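These notes are about the structure you will find just below.
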Amino acid sequence: VLVGNTLITMYSKYRELGDSQLAFKDISRPDLISWNALLQAFVENNRPHQALVFFLKMRDAGIQPDEFSLVSVLTACSSLVSLTTGKEVHGNLIKRGLLPVTFLGSALIDMYAKCGSISDAKLVFNSMLYKDLITWNSIIVGCAQNGHGDEALKLLCLMREGELEPDNFTFASILSGCADIAAVQQGQQLHALILKSRITTDTAVANALITMYTRIGSVKEAEEVFSKLETKNIVSWTAMIGGYAQNGYAREALEIFNKMETLEVKPNGITFVALLTACSHAGLTDQAEELFHAMKNRYGIIPGSEHYACMVDVLGRVGRLDEAEQLIDRMPDGSN
RNA sequence: UUUGUUCAGAG
């Protein structure tokens with residue numbers, strides 16, 4: 001059993017979910033850890049629905065889920081944005097007298113926040129006696145992602161009044177909250193605070209700064225953060241391209257995309273959304289068509305409805321309405 | 001041997 005359980009997890013880390021399932025089947029008497037390991041494998045490999053199905057199967061098999069199982073299934077509810085299922089799970093753990101401590105607590109907060117019920121998230125947060133860094137981060141992220149950037153900032157103050165030091169997760173999400181409400185002053189204050197700590201070099205934090213600055217039109221500041229950042233990832237590049245696009249700098253957007261290509265950084269679907277909007281805002285029809293073609297043929301990215309929408313916009317703006325219509329007819333999701 | 005939080009996306 002021990003070897004089998006280890007195998008389930010190992011295959012899951014290597015994104016071989018099928019092998020994890022086989023490893024589970026090969027265990028003659030799977031124990032609670034076996035069930036938990038495969039449940040978590042579904043979650044980690046972006047199969048939240050299968051995770052829920054497996055969770056029900058587990059109960060049918062007479063296995064009482066423990067804290068590990070519940071945290072995993074709550075994570076699945078978060079990614080499915082399934083508030084009703086999440087509440088059911090919460091109700092069950094209340095009935096069983098399980099308290100929302102550490103892992104369970106933050107999983108609940110995260111579930112409620114991701115499902116848009118920030119009031120429930122706060123109830124859980126306030127009911128918790130011991131709050132660690134991740135508990136705080138979970139509620140701060142919840143506020144930041146639900147348009148309550150001001151509350152996120154207040155929570156940051158409260159957190160620092162206690163003995164807890166915010167980390168890169170805290171700053172990245174708060175900055176992104178500031179970008180959403182265009183809280184310029186707070187954002188700059190945070191930037192100053194970050195420069196004093198050694199979090200400056202964190203990629204996610206820098207990426208959030210880039211977005212914050214381009215949202216308020218400070219392209220120069222964003223460029224400075226971007227150029228100083230040594231560990232650029234695809235989000236950094238896409239944020240900068242999108243920042244240029246939103247501020248009308250289509251040429252610059254296309255230029256750093258070329259730079260990306262020469263450095264052999266692989267763009268993703270979101271990168272192309274940013275590029276196509278840059279073209280559509282600037283009326284660069286030919287470039288847009290080239291990019292749309294390249295994304296399929298050179299990069300093997302299947303265009304989604306968001307890319308088709310950009311192209312329809314591009315063609316529509318120059319009066320090529322028939323072609324726009326034909327494109328819609330060829331869309332994979334024509335109902336969009 | 002199994003569990004929680006962050007950063008980029010169009011119309």
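Just so we're clear, the structure is a prediction, and the values are computed from it rather than from any experiment. Chain A is the first sequence line, chain B the second, and so forth, proteins listed ahead of strands; every chain is numbered from 1.
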Can A/M295 be reached from A/I256 by stepping across I, L, V, M, F, W or Y side chains whose heavy atoms are under 4.5 Å apart? yes

Only counting residues at least two apart or in another chain, list the ones meeting side chain to side chain contact (heavy atoms under 4.5 Å, CB included) with A/K25. none

With a non-hydrogen cut-off below 4.0 angstrom, is A/A172 in contact with a base, only sugar-phosphate, or nothing? base

Taking distance alone, no hydrogens or angles, what donor-acceptor pairs closer than 3.5 Å link side-chain atoms of residues 148-164 of chain A to residues at least two apart or in another chain?
from	atom 1	to	atom 2	distance (Å)
A/E151	OE1	A/K122	NZ	2.9
A/E151	OE2	A/K122	NZ	3.3

Could you check whether A/H49 and A/F42 have their ring centres less than 6.0 Å apart? no

Which string of ( ) [ ] | and . matches RNA chain B, if you list each base 5' to 3' and count Watson-Crick or G-U pairs only when both distances are under 3.5 Å? ...........

Determine the contact category for A/K232: base if any of its heavy atoms lies under 4.0 Å from a base atom, sugar-phosphate if only primed atoms, P, OP1 or OP2 are that close, otherwise nothing. nothing

RNA chain B: first to last nucleotide in contact with chain A (atom under 4.0 angstrom from a heavy atom), 5' to 3', is B/rU1 to B/rG11

Less than 4.0 angstrom from a charged side-chain N to a carboxylate O is my criterion; do A/E224 and A/K220 meet it? no

Taking all heavy atoms of A/L276 and all of A/V314, pick out the closest pair and write down the distance. O-CG2, 4.3 Å

Aromatic rings A/Y213 and A/H191: how do their planes relate, parallel, tilted or perpendicular, breaks at 30° and 60°? tilted

Considering every strand and a 4.0 Å limit on heavy-atom distances, what is the contact class for A/A204: base, sugar-phosphate, or nothing? base

I need the A/H90 NE2 to A/K95 NZ distance, nearest 0.5 Å. 12.0 Å

For RNA chain B, find the residues of residues 122-140 of chain A with a heavy-atom distance under 4.0 Å and give them by number; none if there aren't any. A/D132, A/I134, A/T135, A/N137, A/S138

Mind checking if A/A239 touches a base, just sugar-phosphate, or nothing, with heavy atoms under 4.0 Å? sugar-phosphate

Could you pull out the closest heavy-atom pair between A/I234 and A/K266, with the gap in Å? CD1-O, 3.2 Å

Hey, does A/T102 reach any base, or is it just sugar-phosphate, or nothing, if we go heavy atoms under 4.0 Å? base

Could you check whether A/N268 gets within reach of a base, just the sugar-phosphate, or nothing at all, counting any heavy atom under 4.0 Å? base

Within residues 26-41 of chain A, the residues having a heavy atom closer than 4.0 Å to RNA chain B are A/I33, A/N36, A/A37, A/Q40

Parallel, tilted or perpendicular: which one describes the rings of A/W35 and A/F24, with boundaries at 30° and 60°? perpendicular

Determine, for A/E261 against A/R298, whether the closest basic-nitrogen to carboxylate-oxygen distance falls under 4.0 angstrom. yes

Could you tell me if the ring centre of A/Y308 sits under 6.0 Å from that of A/F292? yes

Tell me, do A/S12 and A/L17 make a side-chain contact under 4.5 Å, heavy atoms counted? no

